[in-house]
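What follows is a single structure, and I will ask about it in a moment.
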Amino acid sequence: MKPTVGITMGDAAGIGPEIIMKALGHQEVYNNCNPLVIGDAKILERVLPVIGSSLKVNAIHEPSEAKYEFGTVDVIDLDLIPADLEYGQVSAVAGDAAFQFLAKAIDLAKKQQIHSICTAPLNKEALHMGGHLYPGHTEILADLTDTEDFSMMLTTPNLRVIHLTTHMGLIDAIASINPERTYTVVKLAHDTLKKAGFENPRVAVCGINPHAGENGLFGNGEEEEKLQPGIERAQKEGINVVGPLPADTLFFRAGRGDFDIVVACYHDQGHAPIKVMGIEEGVNITVGLKGGIIRTSVDHGTAFDIAGKNIADDKSMLAAIRSAIELAPKTQI
């Protein structure tokens, strides 16, 4: 049975509606999942002549009404956007709607009416103007699912990376790493891939220092203090994890297929290899959400400057949908 992927429209003044409709113009999407847009039907219809598409829009209220037929885009129509909303303009209405689209998707996921969530980009300024004071999608997801332990995963076609820390300075990131966090993220990586159908996920953990400390030659014992105890705890539970390993060779090894996922210690350690190996098809994934909810996202913003001009590329949206299909918990389908 194919998973149902809920695709949130994001900020209606940005490129989200365009890239969604472009992506859903590919037969392969319907071959592998049941795509269900959560957004505004009239805004999706508005972009059809812009992108030169002959797709039809089927406005519905419940997933049970969806057709899931190639050529017709099913949308849970929340009808929150005025028809004359300007492209490329920061708007409180669009910011609030982007929040409501995501909240609806979370509700559907909790009810197992969709199996994963794929998000088009929102605009943080518009989100705040709309009364929702979150830094972005991830924090909304964590709040609305009452989740404390979660992590960012990035993927390209040949590499998966999950992070111990993300948006903080390097000194603060290293200070915040501890054995508990190491164990938690290793387990999140294992559990996410296990639910997605990997029989025995192969997890590898990067070292913090050059050469993973090289037995105390570099650093102040961070690998032994902050990483090794968490790794050993996971190993005792039967998780197939190794490390800490030197990052300069680990990503090459993972890229050639030695490991299924790499645990990076800080933002640039994980982001740089992902962007080098496939920035156009990079996908941002939130894992560890309560209820086993998986959220994937395009790895770019709302691009207000090109919205409504048929310039936006749908490669990242297609990659995000593929990841939502791949990581959808198979036990729920």
Side-chain angles (χ1 to χ4, degrees), residues 5-33 35-40 43-57 70-73 75 81 85-90 94 98 101-102 105 116-124 126 136-138 152-161 255 271-286 295-327:
V5 176
I7 305 171
T8 60
M9 203 175 75
D11 193 300
I15 62 172
E18 289 176 66
I19 59 174
I20 288 171
M21 297 307 279
K22 285 184 177 182
L24 296 184
H26 293 265
Q27 176 78 60
E28 66 160 283
V29 175
Y30 285 81
N31 291 344
N32 296 302
C33 77
L36 178 63
V37 181
I38 297 97
D40 192 293
I43 297 299
L44 296 181
E45 289 174 338
R46 183 175 74 164
V47 304
L48 292 175
V50 173
I51 65 174
S53 173
S54 61
L55 294 174
K56 305 297 182 184
V57 175
F70 178 62
T72 299
V73 174
V75 53
I81 307 292
L85 181 78
E86 289 188 55
Y87 286 115
Q89 299 298 314
V90 177
F101 300 154
L102 182 59
S116 54
I117 298 170
C118 178
T119 59
L122 54 72
N123 179 277
K124 294 179 177 61
H137 272 115
T138 302
M152 176 190 294
M153 181 190 294
L154 300 177
T155 70
T156 69
N158 297 315
L159 181 65
R160 299 178 192 85
V161 178
H271 279 61
I274 285 286
K275 294 187 183 294
V276 168
M277 294 183 71
I279 189 169
E280 287 187 337
E281 295 186 83
V283 179
N284 183 326
I285 303 167
T286 306
R295 170 256 178 168
T296 71
S297 175
V298 295
D299 198 21
H300 58 71
T302 50
F304 279 171
D305 57 324
I306 63 170
K309 298 178 180 178
N310 195 26
I311 297 173
D313 195 309
D314 65 345
K315 283 192 182 74
S316 188
M317 174 56 73
L318 282 168
I321 293 171
R322 291 189 198 106
S323 291
I325 295 167
E326 178 188 22
L327 296 173

Quiz prompt | Nearest atoms (heavy-atom pairs only) where A23 meets V29 | solution =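 Residues A23 and V29, closest heavy atoms: O-CG2, 3.5 Å.
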
Quiz prompt | From H271, M152, H300, residue fulfilling side-chain contact (heavy atoms from CB on, under 4.5 Å) relative to N284 | solution =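 So, applying the side-chain contact (heavy atoms from CB on, under 4.5 Å) to N284 and each of H271, M152, H300, only M152 qualifies.
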
Self-check item: Flag side-chain contact, heavy atom, 4.5 Å: K309 against I15
Solution: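 They are not in side-chain contact.
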
Exercise. Would you give the length of the straight line joining atom SG of C118 to atom CZ of R295, rounded to the nearest 0.5 angstrom?
Key: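 C118 atom SG to R295 atom CZ measures 9.0 Å (nearest 0.5 Å).
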
Quiz prompt | Value rounded to 0.5 Å, distance of CD1 in I7 from OG in S116 | solution =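 It comes to 9.0 Å.
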
Quiz item: With side chains defined as the heavy atoms from C-beta onward, is the minimum distance between T286 and H137 less than 4.5 Å?
Solution: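 No, every pair of side-chain atoms sits at 4.5 Å or beyond.
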
Practice problem: Enter the distance from I81:CD1 to R46:CZ here, rounded to the nearest 0.5 Å. | Solution: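 It comes to 9.0 Å.
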
Quiz item: Considering all heavy atoms of both residues, which atom of L85 and which atom of A94 are nearest to each other, and what is their separation?
Solution: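 Closest heavy-atom pair between L85 and A94: CD2-CB, 4.3 Å.
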
Quiz item: Side chains of V161 and P273: does their closest heavy-atom pair fall under 4.5 Å?
Solution: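 Sidechains of P273 and V161: no contact.
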
Self-check item: Nearest heavy atoms of V75 and D40, plus distance in Å
Solution: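 Smallest heavy-atom distance, with atoms named: CG2-N, 4.2 Å.
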
Practice problem: Start with the C-alpha gap between L318 and K315, add the side-chain angles, then the distance that decides, and say whether side chain to side chain contact (heavy atoms under 4.5 Å, CB included) holds. | Solution: CA-CA 5 Å; L318 282 168; K315 283 192 182 74; 5.8 Å; no

Practice problem: Report the distance from atom CZ of F70 to atom CG of L55, rounding to the nearest 0.5 Å. | Solution: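 CG of L55 is found 6.5 Å from CZ of F70.
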
Quiz prompt | Point-to-point distance, once rounded to the nearest 0.5 Å, from OG1 of T302 to CD1 of I19 | solution =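 Answer for the OG1-CD1 pair, T302 versus I19, is 10.0 Å.
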
Exercise. Give a yes or no on whether the backbone of M317 and the side-chain of K22 come within a donor-acceptor separation of less than 3.5 Å.
Key: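 Not at all, since once roles are kept as given, no pair shorter than 3.5 Å links the two residues.
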
Practice problem: Might you point out which heavy atoms bring I274 and T156 nearest each other, and give the distance in Å? | Solution: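 Smallest interatomic distance, heavy atoms only, reads O-CG2, 3.3 Å.
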
Practice problem: Start with the C-alpha distance between T296 and T155, add both sets of side-chain angles, then the distance that settles side chain to side chain contact (heavy atoms under 4.5 Å, CB included), and finish with yes or no. | Solution: CA-CA 10 Å; T296 71; T155 70; over 6 Å; no

Quiz item: Which pair of non-hydrogen atoms, one from G308 and one from V50, has the smallest distance, and what is that distance?
Solution: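 Minimum heavy-atom contact is O-CG1, 3.6 Å.
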
Quiz prompt | Rounded distance [0.5 Å steps], CG in N32 versus CZ in R322 | solution =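 Going from CG on N32 over to CZ on R322, the span is 9.0 Å.
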
Quiz item: Step by step, would you call V57 with M21 a side chain to side chain contact (heavy atoms under 4.5 Å, CB included)?
Solution: CA-CA 10 Å; V57 175; M21 297 307 279; 3.9 Å; yes

Quiz item: For V298, does its backbone N or O pair with a side-chain atom of S316 as donor and acceptor, under 3.5 Å?
Solution: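 Not at all, since once roles are kept as given, no pair shorter than 3.5 Å links the two residues.
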
Practice problem: Could you tell me which non-hydrogen atom of P121 sits nearest to which non-hydrogen atom of G16, and how far apart they are? | Solution: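 Looking at all heavy atoms of both residues, the shortest contact is CD-CA, 4.5 Å.
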
Quiz item: Less than 4.5 Å apart, any side-chain heavy atom of P35 and any of I321?
Solution: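 No. Closest side-chain heavy atoms not under 4.5 Å.
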
Quiz prompt | Under 3.5 Å: donor-acceptor pair, side chain of E86, backbone of A13 | solution =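 No: the side chain of E86 does not pair with the backbone of A13.
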
Quiz prompt | Side chain E18, main chain V47, donor-acceptor under 3.5 Å | solution =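 Checking the backbone N and O of V47 against the side chain of E18, no donor-acceptor pair under 3.5 Å is found.
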
Practice problem: With side chain to side chain donor-acceptor pair (under 3.5 Å) as the test, would you mind laying out the steps for Q27 and N31 before giving the verdict? | Solution: CA-CA 6 Å; Q27 176 78 60; N31 291 344; 3.2 Å; yes

